[in-house]
Protein chains: 2
Amino acid sequence: MDKGSPEAEWREDCAPRRVLALFATKWTSMVLHTLHARHQGAARTGVLLRSLPGISKKMLTQTLREMEASGLLTRHVQGSVPPAVEYRLTALGRRCVAPVELLYAWGRENADALDQLARRPTARR
Amino acid sequence: MDKGSPEAEWREDCAPRRVLALFATKWTSMVLHTLHARHQGAARTGVLLRSLPGISKKMLTQTLREMEASGLLTRHVQGSVPPAVEYRLTALGRRCVAPVELLYAWGRENADALDQLARRPTARR
DNA sequence: CTGCATCCCAAACGATACTG
DNA sequence: CAGTATCGTTTGGGATGCAG
């Protein structure tokens with residue numbers, strides 16, 4: 001497994017790490033999940049805004065921009081007189097829904113255990 | 001799907017959201033992946049430190065503490081004269097390796113596409 | 001309706017030095 | 001070797017108001 005250096009692993013800017021960085025933000029996973037599980041992969045701004053309790057307009061747009069730049073979704077302007085914009089998962093984006101759904105499912109399945117742990121004030125002594 | 005409020009979805013502190021929050025940090029996913037894929041689920045501090053290029057001692061400990069509090073791994077003191085501590089994935093932790101591995105694999109598979117997108121200076125015009 | 005700009009705070013992160 | 005403490009920087013994130 002080791003080649004040159006004894007323990008060196010990933011480069012700091014390799015694709016997997018950039019991906020993980022993308023999901024290391026508060027809303028990316030939730031936007032992806034909501035878009036997929038609640039809206040069949042396409043939804044307008046306002047709908048997403050209401051589907052994600054607690055998100056602000058700013059963070060939604062920002063998150064969508066990053067996801068767009070990463071190729072997870074595309075932006076479609078449908079009207080402008082009132083503006084109507086729809087965001088759609090790309091093929092690439094659809095292919096990475098699974099991990100998020102798994103994580104989400106894992107959370108639901110182990111909700112009880114996780115809740116108990118969360119309740120425990122000082123797990124370590 | 002909707003019960004009371006028109007579009008209300010997850011509570012802010014439900015288990016899935018806490019899980020996503022846990023992974024919405026820079027190192028959690030990478031620690032989990034490294035521990036699982038490179039060290040068969042158990043490794044000592046120094047090993048992890050060297051397996052994760054760029055991480056600092058502080059961030060490693062902090063991340064490990066959070067993962068421990070969430071029940072993903074346990075801490076085992078093996079010696080103290082020089083200190084020797086091993087971290088091991090729990091059953092719970094092992095069960096949530098899959099999502100991370102999927103995400104990581106997705107990154108590797110689509111590395112080319114992702115690299116091209118990253119190279120593009122202004123994706124939006 | 002959608003998006004941007006601004007201000008501002010809190011938190012995450014990183015470097016370093018120190019203890020057992 | 002493992003861990004903590006402290007400090008300083010950066011960034012993420014939220015509130016609000018304005019514009020197309």
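Predicted model, so just to flag it, every value in this text is computed and none were measured. Reminder, nothing fancy here: chain letters follow the sequence lines and each chain counts from 1.
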Specify the separation, in whole Å, of atom CD of A/Glu86 and atom P of C/dG3. 12 Å

Scan the side chains in residues 54-63 of chain A for donor-acceptor partners under 3.5 Å anywhere in the protein, sequence neighbours excluded, and list what turns up.
unit_1  : atom_1 : unit_2  : atom_2 : d
A/Ser56 : OG     : A/Met59 : N      : 3.2
A/Thr61 : OG1    : A/Lys57 : O      : 2.7
A/Thr63 : OG1    : A/Met59 : O      : 2.7

Hydrophobic cluster membership, B/Met30 vs A/Leu102, 4.5 Å side-chain cutoff: no

Take the protein atom CG of A/Leu60 and the nucleotide atom C1' of D/dT16, then report the distance between them rounded to whole Å. 17 Å

According to a strict under-4.0 Å criterion, is A/Tyr87 in side-chain N/O contact with OP1 or OP2 of C/dG3? yes

Using whole Å, what does the distance between atom P of nucleotide D/dA2 and atom NE2 of B/His76 come to? 15 Å

Kindly calculate the angle separating the two end axes of the helix from C/dC1-D/dG20 to C/dG20-D/dC1, each obtained from five base pairs, and round it to 10 degrees. 40°

State, to 0.1 Å, how close B/Val19 and A/Leu114 come at their nearest heavy-atom pair, and which atoms those are. CG2-CD1, 3.8 Å

For nucleotides 10-14 of chain C, print each protein N/O atom paired with a nucleotide N/O atom at under 3.5 Å, atom names and distance only.
unit_1 : atom_1 : unit_2  : atom_2 : d
C/dC13 : OP1    : B/Lys26 : N      : 2.7
C/dC13 : N4     : B/Lys58 : NZ     : 3.4
C/dG14 : OP1    : B/Lys26 : NZ     : 2.3
C/dG14 : OP2    : B/Trp27 : NE1    : 3.0
C/dG14 : N7     : B/Lys58 : NZ     : 3.2
C/dG14 : O6     : B/Lys58 : NZ     : 2.2

Minimal heavy-atom distance between A/Ser51 and A/Thr34, with the atoms involved, is CB-CG2, 3.5 Å

Does a nitrogen or oxygen in the side chain of B/Arg44 sit under 4.0 Å from OP1 or OP2 of D/dC1? no

Specify the separation, in whole Å, of atom CG of A/Leu64 and atom C1' of C/dC4. 14 Å

Both B/Ser80 and A/Lys57 contact DNA chain C. Which one's nearest nucleotide lies toward the 5' end? A/Lys57

How many angstroms lie between SG in B/Cys96 and CD in A/Glu109, if you round to the nearest 0.5 Å? 11.0 Å

From A/His39 atom NE2 to A/Arg44 atom CZ, the distance as rounded to the nearest 0.5 Å: 12.5 Å

Phosphate OP1/OP2 of D/dT4: any B/Arg65 side-chain N/O under 4.0 Å: yes

Would you tell me if any nitrogen or oxygen in the side chain of A/Arg75 comes within less than 4.0 Å of OP1 or OP2 on C/dG3? yes

Nearest 0.5 Å, what's the CZ-OG1 distance between A/Arg50 and A/Thr45? 10.0 Å

Starting at CZ of B/Phe23, measure out to CG of A/Leu20 and round the result to the nearest 0.5 Å. 10.5 Å

For C/dC4 and A/Thr61 - does any side-chain N or O of the residue sit under 4.0 Å from the phosphate oxygens OP1/OP2? no

Tell me the closest heavy-atom pair linking B/Tyr87 and B/Arg65, and the distance in Å. OH-NH1, 3.2 Å

